[in-house]
Amino acid sequence: MHPVTGIEAVLQWFAEQYSSSEAEQIRSAVNANTRLLKAWRHNPANLRPLASDKHLWCLIGAMYGNLILAQAQAVYRQATAHYQRWLNRRRNLQTVEVRLQGDLARFGEQHPRTQRTIAQLQRLHQELLAA
């Protein structure tokens, strides 16, 4: 399972700090905007709606002011950085899995290179689980 994305983290934070009903209203507005954005991609003749995160900032800024907006953006940046690190670890793990398949085919299981690759794969797997 992957960690939450930036927008989801902001909505969870907002529900914990303020009101879950207001967070659901914001979620509904962001989801509606996302649907508009997807529709626009199929018919770009219409005006382009804001990206989902930009729409979120406009909503929070207009409804709650700059202080809460700054806090929400900090939560977003932290969650996005965490999610990106998780994605990078997952990609690294997939790369090492492919390398292990090649090492097993070329050298066999007992070869030192294969053993190093297995150790690296186990380490990356533990890092991914810990993230």
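Not measured: the values here are computed from a predicted model.
- Taking each heavy atom of Ser52 and Leu37 in turn, the nearest pair found is N-CD2, 4.5 Å.
- Rounding to the nearest 0.5 angstrom, the gap separating the NE2 atom in His125 from the CG atom in Asn92 is 14.5 Å.
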Please assess Arg89 against Leu124 for the test side-chain contact (heavy atoms from CB on, under 4.5 Å), listing each intermediate value before the final yes or no.
CA-CA 7 Å; Arg89 285 185 184 116; Leu124 288 171; 5.8 Å; no
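- A side-chain donor-acceptor contact under 3.5 Å links Gln115 to the backbone of Glu109.
- Listed by first then second residue, pairs satisfying side-chain hydrogen bond (donor to acceptor under 3.5 Å, both in side chains) with a partner in residues 56-70 read Glu22-Tyr64, not counting sequence neighbours.
- Counting only distance, with no hydrogens or angles, the side chain of Thr114 and the backbone of Gln110 share no donor-acceptor pair below 3.5 Å.
- Tracing side-chain contacts under 4.5 Å through hydrophobic residues (I, L, V, M, F, W, Y), one reaches Val96 starting from Trp86; they form part of the same cluster.
- Interatomic distance, Asp103 CG to Arg116 CZ, rounded to the nearest 0.5 Å: 8.5 Å.
- Scanning both residues, His42 and Lys38, for their nearest heavy atoms gives CD2-O, 3.1 Å.
- To the nearest 0.5 Å, the span separating CG on Leu59 from CG on Leu69 amounts to 10.5 Å.
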Please table the atom pairs, donor to acceptor, closer than 3.5 Å between any side-chain atom in residues 70-85 and protein atoms at least two apart or in another chain.
residue, atom, partner, partner atom, Å
Gln71, OE1, Tyr18, OH, 3.4
Tyr76, OH, Asp53, OD2, 3.4
Thr80, OG1, Tyr76, O, 2.7

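- Taken from CG in Leu11 to CD1 in Ile60, the straight-line distance is 7.0 Å, to the nearest 0.5 Å.
- Here the CZ-CG distance, from Arg90 to Leu93, works out to 9.5 Å after rounding to the nearest 0.5 Å.
- With rounding to the nearest 0.5 angstrom, the CZ atom of Arg123 is 14.5 Å from the CD1 atom of Ile118.
- Counting only heavy atoms from C-beta outward, the side chains of His111 and Arg106 never approach each other to under 4.5 Å.
- Cluster annotation: Met63 is connected to Ile68 through the hydrophobic network of ILVMFWY side chains, with a link wherever side-chain heavy atoms come within less than 4.5 Å.
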